[in-house]
There are 2 protein chains.
Amino acid sequence: MKYCSISEAAAAFKMSESMLRYYERQGLLPLIERDEAGRRIFSEDQMALLRTVNCLKNTNMQIKQIKQYIDWILEGDTTIERRLEMMKRHKQAVLDEIASMTESLQGIEDKITRYTTSMEEKQS
Amino acid sequence: MKYCSISEAAAAFKMSESMLRYYERQGLLPLIERDEAGRRIFSEDQMALLRTVNCLKNTNMQIKQIKQYIDWILEGDTTIERRLEMMKRHKQAVLDEIASMTESLQGIEDKITRYTTSMEEKQS
DNA sequence: ATACGACTTAAACCATGGTTTAAGTCAACA
DNA sequence: TGTTGACTTAAACCATGGTTTAAGTCGTAT
């Protein structure tokens, strides 16, 4: 069982150390162990949890909602149905957001086309 | 030439009226005309500009950067190259973000699979 | 021995992107 | 005529998601 320091965990997920401390404070990373000197040590389980938190954060889930999810994990198997429902809802929210961005992307591509044409005309 | 009131413009883009006033204050909607009573009236040109601002905002461009873009539009054709460059960069940023979200989505789908299996086992 | 780097804490601070409030103007309708 | 509803302004307020600061504790390399 290998343990990571906070700097290693931060590097692994391209987060700042203060972000990890902040997440712990917000209850997103419960049960993080400490070494004899009081320093955080991240077990493989904690790294797995951090990976999950990171997925949710990356897809714009709010801290409060991630905390709810973590709380349900801590509560045990009786909350699996609620967790499943949350993940299904979130999946849909992510798909909707991707669709919305993709649609707006078209507007941006239209600008690129117009400006490119305009530049070519200037050339000639 | 049809003009829209602020409430119509807000409804058209699913924004709040205060958001439109805020955007104008930030310089994202310059040159908005007023009627005799001092109320904002949105021309078709302004609606087109609002559509563009909305695309950029929807794809998470920051207000400051959108303002830069609008300022370049106001400056005239000499800024077309810069606008083109900005749109190209932004397009790439959007593609990157969509790719990142899509990757994280996989983690979410994995959870859904695990929880679904777990629920089925409980059933039996 | 000491100095350095990596860590700790709590609390203050910050940026971003709006929303809300209070006080006022105007047009139209009963 | 008066009151309702849609608008106006400037300024204050708010939530979110962190970052920064100050003061202190370790472990180790010189």
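Predicted, not measured: the structure shown is a model, and the values here were computed from it.
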Does Glu17(B) reach a base, just sugar-phosphate, or nothing at all? Heavy atoms under 4.0 Å.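 Counting heavy atoms under 4.0 Å across all strands, the contact made by Glu17(B) is with sugar-phosphate only.
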Please confirm whether the backbone N or O of [Y] pairs with a side-chain atom of [X], one donor and one acceptor, at under 3.5 Å?
X         : Y         : result
Ser100(B) : Asp96(B)  : no
Thr117(A) : Thr113(A) : yes
Gln106(A) : Glu103(A) : no

Chain A reaches DNA chain C, atoms under 4.0 Å from its heavy atoms, from dC7(C) to dT9(C)
Nearest atoms (heavy-atom pairs only) where Arg83(A) meets Gly76(A):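 What the structure gives for the nearest pair is NH2-O, 2.9 Å.
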Between Ile70(B) and Gly27(B), which heavy-atom pair has the shortest distance, and what is it? CG2-O, 3.6 Å
Going hydrophobic residue to hydrophobic residue with side-chain gaps under 4.5 angstrom, can you get from Ile32(A) over to Leu20(A)? yes
If you group Ile, Leu, Val, Met, Phe, Trp and Tyr by side-chain heavy-atom gaps below 4.5 Å, do Tyr3(B) and Leu50(B) land in one group? no
What are the residues of residues 34-42 of chain B, sorted by number, that bring a heavy atom to within less than 4.0 Å of DNA chain D?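 Correct list: Arg34(B), Gly38(B), Arg39(B), Arg40(B).
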Counting only heavy atoms and a strict 4.0 angstrom limit, can you tell me which residues of residues 62-74 of chain A come near DNA chain D? Gln62(A), Ile63(A), Lys64(A)
Kindly state which residues belonging to residues 90-104 of chain B come within less than 4.0 angstrom of DNA chain C, counting heavy atoms of the residue only, listed by number. none
With sequence neighbours excluded, what pairs up with Gln123(B) under the side-chain hydrogen bond (donor to acceptor under 3.5 Å, both in side chains) test? none
Pair Arg34(A) + Glu24(A), salt bridge at N-O below 4.0 Å: yes
Is the closest basic N to carboxylate O distance between Glu33(A) and Arg40(A) below 4.0 Å? no
Report the residues that fulfil side-chain contact (heavy atoms from CB on, under 4.5 Å) with Glu85(B), sequence neighbours left out, ordered by chain and then residue number. Lys88(B)
Atom CD of Gln26(A): over 12 foreign heavy atoms under 6.0 Å: yes
